[in-house]
Amino acid sequence: MKGYAALATLVADGPTSQQRLRQRIGVDPATMVDVIDALEQSAHIRRRRDPQDRRQYALQTTTRGRELYSRALRAIVKAEKHTVRGLDPEEARLLLELLGRVAVRTS
């Protein structure tokens, strides 16, 4: 989930520093290092010097990373549809809203 959160944030925000990414997805620094290292080793992201501050690196997704994100997003949408298949549209919307609230409170 942390890898998906990192990819989703980088896709949405564009190149971002590791510290900013860590703050956005709310993980501790040691965990962020592990997530970034794994994504970089698998060629889903890359580190580039930040043009605004050459002392920092900006993390950015690769084509492979954006493809993985797209596949993961499709799988999430499919799983959501499967989960709410017996509910009417209003019940499904309410359930997903409530689950979103629970997820925010536990993170």
Side-chain angles (χ1 to χ4, degrees):
M1 285 304 297
K2 291 174 180 78
Y4 172 79
L7 277 178
T9 302
L10 289 171
V11 167
D13 294 357
T16 303
S17 73
Q18 185 168 319
Q19 180 180 3
R20 176 76 177 129
L21 180 61
R22 183 188 67 74
Q23 291 168 340
R24 289 267 288 127
I25 64 175
V27 299
D28 65 89
T31 300
M32 188 80 262
V33 168
D34 291 342
V35 169
I36 296 304
D37 286 349
L39 289 170
E40 187 175 34
Q41 289 171 2
S42 62
H44 292 110
I45 66 166
R46 67 176 156 253
R47 298 173 202 243
R48 299 274 189 213
R49 286 282 182 198
D50 185 338
Q52 269 65 46
D53 184 349
R54 302 283 296 156
R55 296 169 294 171
Q56 291 191 56
Y57 285 93
L59 304 173
Q60 60 188 129
T61 56
T62 61
T63 300
R64 183 177 177 157
R66 289 184 297 277
E67 289 169 354
L68 176 62
Y69 166 74
S70 293
R71 286 193 314 273
L73 184 58
R74 285 192 302 273
I76 289 168
V77 169
K78 183 178 178 181
E80 283 180 356
K81 286 180 181 179
H82 178 76
T83 300
V84 300
R85 71 188 176 281
L87 303 176
D88 68 44
E90 179 56 25
E91 291 171 328
R93 183 201 63 73
L94 180 58
L95 175 61
L96 293 174
E97 177 187 329
L98 292 172
L99 289 173
R101 283 195 211 162
V102 170
V104 167
R105 288 185 182 159
T106 60
S107 59

Applying side chain to side chain contact (heavy atoms under 4.5 Å, CB included) to L21 and L59, what does each step give before you reach the verdict?
CA-CA 9 Å; L21 180 61; L59 304 173; 3.8 Å; yes
So, taking the atom named NZ in K2 and the one named OG1 in T31, what distance separates them when rounded to the nearest 0.5 Å?
6.0 Å
Any donor-acceptor pair under 3.5 Å linking the side chain of R20 with the backbone of S17?
no
So, T61 and R66: side-chain donor and acceptor under 3.5 Å apart, yes or no?
yes
Is the backbone of Q60 close enough, under 3.5 Å, to the side chain of T62 for a donor and an acceptor to pair up by distance?
no
With a 4.5 Å limit on heavy-atom distance, are the side chains of D28 and M32 in contact?
no
Tell me the closest heavy-atom pair linking L39 and A6, and the distance in Å.
CD1-CB, 3.8 Å
In Å, rounded to the nearest 0.5 Å, how long is the span from CD of E97 to CG of L95?
10.0 Å
Whether the D13 and T16 side chains hold a donor-acceptor pair (N or O, under 3.5 Å, no angle test) is what I'd like checked.
no
Sidechain N-carboxylate O distance under 4.0 Å for R46, E40
no
E91 atom CD, over 12 foreign heavy atoms within 6.0 Å
yes
Do L10 and Y69 come close enough that some side-chain heavy atom pair is under 4.5 Å?
no
Under 4.5 Å between side-chain heavy atoms, counting indirect links through other Ile/Leu/Val/Met/Phe/Trp/Tyr residues: same cluster for V11 and L73 or not?
yes
Cationic tip of R48 above Y57 ring, under 6.0 Å, 45° of axis:
no
L99 CG to T83 OG1 distance, which is reported to the nearest 0.5 Å
8.5 Å
Before accepting this row, confirm whether a basic side-chain N of the pair R93/D88 lies closer than 4.0 Å to the acidic partner's carboxylate O.
no
Can a donor-acceptor pair be found, under 3.5 Å and without considering hydrogens, that links the side chain of T9 to the backbone of A5?
yes
Restricting to non-hydrogen atoms, name the atom on Q18 and the atom on V33 that form the minimum distance, rounded to 0.1 Å.
NE2-CG2, 3.6 Å
Any side-chain heavy-atom pair from L94 and L87 closer than 4.5 angstrom?
no
